[in-house]
Amino acid sequence: MSAVTGLTCRECGQAYPVAPLHVCETCFGPLEVVYDYASIRRTMTRASIQSRPPSIWRYRELLPVQGEPQIGLYSGFTPLVKADRLAASLGVKELYVKDDSVNHPTFSYKDRVVAVAISKAIEFGFDTVSCASTGNLANSVSAHAARAGLRCFIFIPADLEQGKVVGSAIYGPRTIGIRGTYDDVNRLCSEIADRYGWAFVNINLRPYYTEGAKTYGFEIAEQLGWRLPQHIVVPTAGGTILPKVAKAFEELQRIGLVDGGQSVKIYSAQAAGCAPVIHALHTGADSIAPVKPNTIAKSIAIGNPADGYYVLRAVRDSGGWGEAATDEEIIEGIELLARTEGIFTEPAGGTTVAVTKKLIAQGRIPRHESIVICITGNGYKTIEAVSNTVAPPCLINARLQEFDELYRQLPHVAAVATREHTG
Ligand SMILES: *Cc1c(COP(=O)(O)O)cnc(C)c1O
Ligand SMILES: [Zn+2]
């Protein structure tokens, strides 16, 4: 089934076999999966895709897995929400939210990449899977490992939100909290991967893992009726999803599933408290200077992004741009999305909304063109971020008279509701 021909070094082009390898022995460049696009072009059609179940595996010719998929059978194919009330609020004509806050089974975009990585781990015969994570990846690896019956070790910074910590622990992995930043966790995990020989989904299985992120882009094109958006705003942490969305759009044109010659401007969104990629974009630098993160957007707080360089390249090649949002703007972004579209996202999503708003205000994104914003995680996991921002419940006894009194004291409640109804 698979059209994978091997791995190749993204920098020097050296070829490698399909194996749990991730860096080039010669130049230390990252390895990437290579496909036989001519054969895919012959076999993969819109009709064959649409005849398959609504999951990431409907695009399996363009994923690096052999045989029938065994894991992640319900992951992906999340809603592309036509966001008219948010569009009105931002003053734009055509806006969509690609909503991975409801991805199966752990409510973030990570269920895509993990489904592919763990399928590959099973193929390679690993019995233990692992990851270095800012939270969502740990949730997804823990859940998929449980369903696959694999042993699981996860490594996280010790200061993560409760929802992210419990949201892994419930699946029964061994959790190791590290006193330090994600970048410290990641460095340690590279050493552990070498010594223990486990399948670290985002380290030694990284070439396969990252390919799963393409499905986010494939779905957007299919859900738009096999058309590409003119602008897309993507959050950046380690730098996996943004270049892979670009690659997804290229592949669809290359194999003829969407018309060629459509150009998509891609924009990166980061938190101001951890914006190494945005800083490089704004200063015109070619390399990324690592930073020490300090933001409420913990899931995207990666100070030394593994694929940051490829984010820069994809953004620049597309003619796009990027911006950073302060923690205050991030919270406003979370509220705006919730109150216009009824979607509760975590700070990473608030960042994307806030950055989209800035780019529109700056005139970088024209108001009359089609825009997709990438919502990659769920707000119910990060209640801490907004618990002091929202109004607490009004407390009364269960008596109609008490409600009547309360209602009379709160005319502003009705006024707010009316204003929001009429937009
Ligand atoms: C991991 C993550 C991202 C993006 O991460 P990349 O490493 O850049 O792909 C975005 N949003 C959320 C909620 C995440 O968990
Ligand atoms: Zn190389």
Side-chain angles (χ1 to χ4, degrees), residues 7-16 21-32 98-103 106-114 131-141 156 160-161 163-164 167-168 182-183 186 201-202 206-207 209-214 216-217 233-247 266 268-271 274-278 288 295-312 314-315 322 330 334 345-353 355 373-382 385:
L7 301 179
T8 183
C9 172
R10 275 201 254 186
E11 292 307 316
C12 75
Q14 185 167 330
Y16 290 86
L21 298 171
H22 69 117
V23 280
C24 177
E25 284 166 9
T26 324
C27 78
F28 301 105
L31 303 185
E32 187 166 48
K98 177 60 174 169
D99 187 10
D100 264 17
S101 76
V102 291
N103 208 351
T106 64
F107 308 102
S108 85
Y109 116 78
K110 296 302 195 301
D111 289 324
R112 302 172 180 280
V113 282
V114 171
C131 66
S133 172
T134 55
N136 283 319
L137 181 59
N139 296 166
S140 187
V141 169
I156 51 175
L160 287 189
E161 303 94 341
K164 297 273 172 74
S168 292
Y182 171 81
D183 301 286
N186 193 42
V201 301
N202 56 337
R206 194 168 177 85
Y209 162 93
T210 56
E211 284 291 287
K214 293 189 305 190
Y216 193 84
V233 187
V234 191
T236 295
T240 293
I241 188 170
L242 189 149
K244 291 294 174 167
V245 164
K247 184 177 179 188
I266 307 179
S268 168
Q270 293 201 296
C274 183
V277 171
I278 301 306
I288 289 171
T295 169
I296 58 163
K298 296 185 187 207
S299 65
I300 52 170
I302 297 185
N304 188 13
D307 288 325
Y309 170 75
Y310 297 99
V311 173
L312 273 184
V315 167
I330 290 168
I334 294 173
T345 189
E346 63 153 271
T351 304
T352 308
V353 173
V355 163
I373 71 176
C374 299
I375 295 302
T376 46
N378 192 303
Y380 291 99
K381 292 189 192 182
T382 55

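In listed order, ligands and their atoms are each counted from 1. Given the structure is predicted, the values throughout are model-derived calculations rather than measurements.
- Between Gly238 and ligand 1, at least one N/O pair is under 3.5 Å apart.
- No donor-acceptor pair closer than 3.5 Å links the side chain of Asn202 to the backbone N or O of Cys131.
- Using a 4.0 Å cut-off between a side-chain N of Lys or Arg and a carboxylate O of Asp or Glu, Glu346 and Lys298 do not qualify as a salt bridge.
- Using a 4.0 Å cut-off to heavy atoms of Ile300, the atoms of ligand 1 that qualify are 3 (C), 10 (C), 11 (N).
- Residue Pro235 has at least one heavy-atom neighbour below 4.0 Å for each of these atoms of ligand 1: 10 (C).
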Practice prompt. For Arg10 and Asp307, run salt bridge (charged side-chain N to carboxylate O under 4.0 Å, His left out): C-alpha distance rounded to whole Å, both residues' side-chain angles, the deciding distance at 0.1 Å, then the answer.
Written response: CA-CA 11 Å; Arg10 275 201 254 186; Asp307 288 325; 3.8 Å; yes
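- The ligand atoms of ligand 1 that sit less than 4.0 angstrom from a heavy atom of Glu346 are 13 (C).
- By the 4.5 Å heavy-atom criterion applied to side chains, Pro235 and Thr351 are not counted as neighbours.
- For the pair SG of Cys12 and SG of Cys9, the angle at the Zn ion (ligand 2) is about 110°; rounding is to 10 degrees.
- Nearest to atom 12 (C) of ligand 1 among the protein's heavy atoms is Thr376 OG1, 3.3 Å.
- For the pair Ala348 and ligand 1, the shortest N or O to N or O distance does not fall below 3.5 Å.
- Minimum interatomic distance between Gly238 and Arg206 (heavy atoms only, all atoms of both residues): O-NH2, 4.1 Å.
- A heavy-atom distance below 4.5 Å is not found between the side chains of Lys110 and Asn139.
- Atoms of ligand 1 found under 4.0 Å from any heavy atom of Ser299, numbered from 1 in the order shown, are 12 (C), 13 (C), 15 (O).
- Residue nearest to atom 4 (C) of ligand 1, selected from Tyr216, Tyr209, Tyr109: Tyr109 (by heavy-atom distance).
- At the shortest separation from atom 5 (O) of ligand 1 among protein heavy atoms lies Ala237 CB, 3.3 Å.
- The SG atom of Cys27, the Zn ion (ligand 2) and the SG atom of Cys24 define an angle of 110° (nearest 10 degrees).
- Taking each of Lys298, Lys164, Gln270, Lys110 in turn, the one with a heavy atom nearest to atom 15 (O) of ligand 1 proves to be Lys110.
- Using a distance-only test at 3.5 Å, with no hydrogens or angles considered, no donor-acceptor pair links the side chain of Asp100 to the main chain of Thr376.
- For ligand 1, the atoms lying closer than 4.0 Å to a non-hydrogen atom of Thr236 are 8 (O).
- Using a 4.0 Å cut-off to heavy atoms of Gly239, the atoms of ligand 1 that qualify are 6 (P), 7 (O), 8 (O).
- The shortest distance between side-chain heavy atoms of Tyr109 and Val234 does not fall below 4.5 Å.
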